[in-house]
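In what follows, a structure is listed as structure tokens, so that the remarks can point back to it.
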There are 2 protein chains.
Amino acid sequence: MRTLINRPRHTDHTMHKPEHLKNAGLKTTLPRLKVLQLFEDGTERHLSAEEVYKLLSDAGELVSLATVYRVLTQFQQAGLLVQHHFDSGRSVFELNSGKHHDHIVCQQCGHVEEFYDATIEKRQEKIAAEHGFVIDEHALYIYASCTKQPCPNKK
Amino acid sequence: MRTLINRPRHTDHTMHKPEHLKNAGLKTTLPRLKVLQLFEDGTERHLSAEEVYKLLSDAGELVSLATVYRVLTQFQQAGLLVQHHFDSGRSVFELNSGKHHDHIVCQQCGHVEEFYDATIEKRQEKIAAEHGFVIDEHALYIYASCTKQPCPNKK
DNA sequence: TTCGCAAATGAGAATAACTATCATTCGCAA
DNA sequence: TTGCGAATGATAGTTATTCTCATTTGCGAA
């Protein structure tokens with residue numbers, strides 16, 4: 001169980017930098033700080049709006065679902081978060097590390113692994129160019145099954 | 001405007017093979033034949049449920065939306081169609097050619113181009129293996145902008 | 001060829017994941 | 001501290017899709 005409110009409190013000089021909000025032209029509000037903190041906490045890298053809402057609620061940090069959606073979208077537009085569309089039909093967000101990467105999603109347990117492959121990136125550019133396109137963005141999702149691990153998040 | 005009903009009629013020995021349905025263990029029904037014909041017609045390779053419904057309606061071939069959804073899902077499970085999830089949040093289907101390929105989607109006009117790259121495919125297998133996964137399937141979507149064409153489907 | 005019945009369909013209600021509306025509240029600059 | 005525009009919460013609305021159930025249909029058996 002996640003204990004957001006019982007964890008040692010940080011003040012302004014901490015790691016969940018409110019200045020990120022300022023820089024993005026967003027007012028420093030409580031809901032925004034809570035959502036940002038959840039991602040920067042790092043326990044779960046990939047979260048859907050519903051999951052953010054639930055995690056905050058479980059921690060006693062009530063933020064309305066509408067606000068969660070709004071804040072996630074704003075963070076994504078501000079470049080703080082990156083949005084992904086896994087096959088499931090719902091969006092998931094993750095902190096923007098500044099480094100593009102792709103994803104392997106385990107179909108059994110939902111576990112997400114990240115990877116970056118320069119060869120694939122290069123080929124994509126080449127292919128797009130050959131077809132007369134300029135890449136805006138791209139997403140490579142590998143849907144797979146864990147082999148070595150016992151699926152960690154199996155539910 | 002698509003004129004499904006005014007196009008030369010084919011009878012049982014035609015190209016929109018009802019035996020595909022039989023082989024898939026699906027009863028040969030009118031709605032199923034109509035949907036299958038629409039895809040085998042080949043005018044548009046990638047269609048959403050809503051688009052299938054609309055194209056059939058416009059051609060005077062009424063099939064309820066619920067049935068369209070059901071039939072598309074059945075066809076996909078039977079291996080007649082392949083389903084894709086472009087970023088838009090709606091599923092599109094295409095005839096299963098038997099050959100895996102990936103997609104470039106123009107963000108301006110919605111035009112979809114297909115490609116296959118052996119190098120990328122190999123790298124994916126390698127990467128999955130390195131991470132201890134066995135690939136079930138994968139999807140590479142490149143979202144881009146047409147450069148050479150005037151966007152053909154621009155609306 | 002007709003019968004019977006399980007399977008398929010149509011119409012519309014229900015659901016999931018968002019998005020919009022609007023009255024109230026809050027951050028922050030003066 | 002005050003004032004105002006931005007942000008929030010509650011909730012209604014949308015979009016894409018699935019479910020329910022009464023009616024119809026394909027097709028093997030008679």
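Within every chain, numbering begins at 1; the chains are lettered A, B, ... in the order of the sequence lines, protein sequences first and strands thereafter. FYI, side chains are in, hydrogens and waters are out, and symmetry mates aren't considered; it's all heavy atoms of this structure.
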Those residues at least two apart in sequence (or on a different chain) that pass side-chain contact (heavy atoms from CB on, under 4.5 Å) with B:Asn96 are B:Val82

Rounded to the nearest angstrom, tell me the gap between atom CD in A:Glu51 and atom P in C:dC18. 11 Å

Which base sits across from D:dA30 as a Watson-Crick or G-U pair, both distances under 3.5 Å? C:dT1

By ring-ring contact (aromatic ring centres under 6.0 Å, His included), which residues pair with B:His103, not counting sequence neighbours? B:His46, B:His84, B:Phe86, B:His101

Using the side-chain hydrogen bond (donor to acceptor under 3.5 Å, both in side chains) criterion, which residues pair with B:Lys126? Sequence neighbours excluded. B:Glu130

Side chains of A:Glu137 and B:Tyr141, heavy atoms from C-beta outward: is any pair under 4.5 Å? no

For A:Ile135, the side-chain contact (heavy atoms from CB on, under 4.5 Å) test, sequence neighbours excluded, returns A:Gln124, A:Glu125, A:Ala128, A:His138, B:Ile142

Among residues at least two apart in sequence or on other chains, which ones pass salt bridge (Lys or Arg N to Asp or Glu O under 4.0 Å) with B:Arg70? none

Measure the distance from CG on A:Asp87 to P on C:dA17 and round it to the nearest whole Å. 14 Å

Going by salt bridge (Lys or Arg N to Asp or Glu O under 4.0 Å), name the pairs with one or both residues in residues 86-98 of chain A, residues two or more places apart or in two chains. A:Arg45-A:Glu94

Over all strands shown, is B:Ser48 touching base, sugar-phosphate only, or nothing at heavy-atom distances under 4.0 angstrom? nothing

Could you list the residues that satisfy side-chain contact (heavy atoms from CB on, under 4.5 Å) with B:Phe39, not counting sequence neighbours? B:Val35, B:Leu47, B:Val52, B:Leu72, B:Leu81, B:Phe93, B:Leu95

Residues which pass salt bridge (Lys or Arg N to Asp or Glu O under 4.0 Å) with B:Lys54, listed by chain and number, not counting sequence neighbours: B:Asp58

Applying a 3.5 Å limit to both distances, which nucleotide forms a Watson-Crick or G-U wobble pair with D:dT23? C:dA8

Contacted region of DNA chain D by chain B, from 5' end to 3' end of the hits, cut-off under 4.0 Å to heavy atoms, spans D:dA16 to D:dC27

Output the rounded distance in Å from CD (A:Glu50) to C1' (C:dT15). 12 Å

Interface residues of residues 75-83 of chain A with DNA chain D (non-hydrogen, below 4.0 angstrom): none

Just the atom pairs and distances: protein N or O near nucleotides 7-10 of chain C's N or O, under 3.5 Å.
{"residue": "C:dA7", "atom": "O4'", "partner": "B:Lys27", "partner atom": "NZ", "Å": "3.2"}
{"residue": "C:dA8", "atom": "OP1", "partner": "B:Arg32", "partner atom": "NH1", "Å": "3.2"}
{"residue": "C:dA8", "atom": "OP1", "partner": "B:Arg32", "partner atom": "NH2", "Å": "3.1"}
{"residue": "C:dT9", "atom": "OP1", "partner": "B:Thr29", "partner atom": "OG1", "Å": "2.6"}
{"residue": "C:dG10", "atom": "OP2", "partner": "B:Ser64", "partner atom": "N", "Å": "3.1"}
{"residue": "C:dG10", "atom": "OP2", "partner": "B:Ser64", "partner atom": "OG", "Å": "3.4"}
{"residue": "C:dG10", "atom": "OP2", "partner": "B:Thr67", "partner atom": "OG1", "Å": "2.7"}
{"residue": "C:dG10", "atom": "N7", "partner": "B:Arg70", "partner atom": "NH2", "Å": "2.7"}
{"residue": "C:dG10", "atom": "O6", "partner": "B:Arg70", "partner atom": "NH1", "Å": "3.2"}

Step by step, would you call B:His100 with B:Glu121 a side chain to side chain contact (heavy atoms under 4.5 Å, CB included)? CA-CA 10 Å; B:His100 165 80; B:Glu121 299 295 321; 3.1 Å; yes

For B:Asp136, the salt bridge (Lys or Arg N to Asp or Glu O under 4.0 Å) test, sequence neighbours excluded, returns none

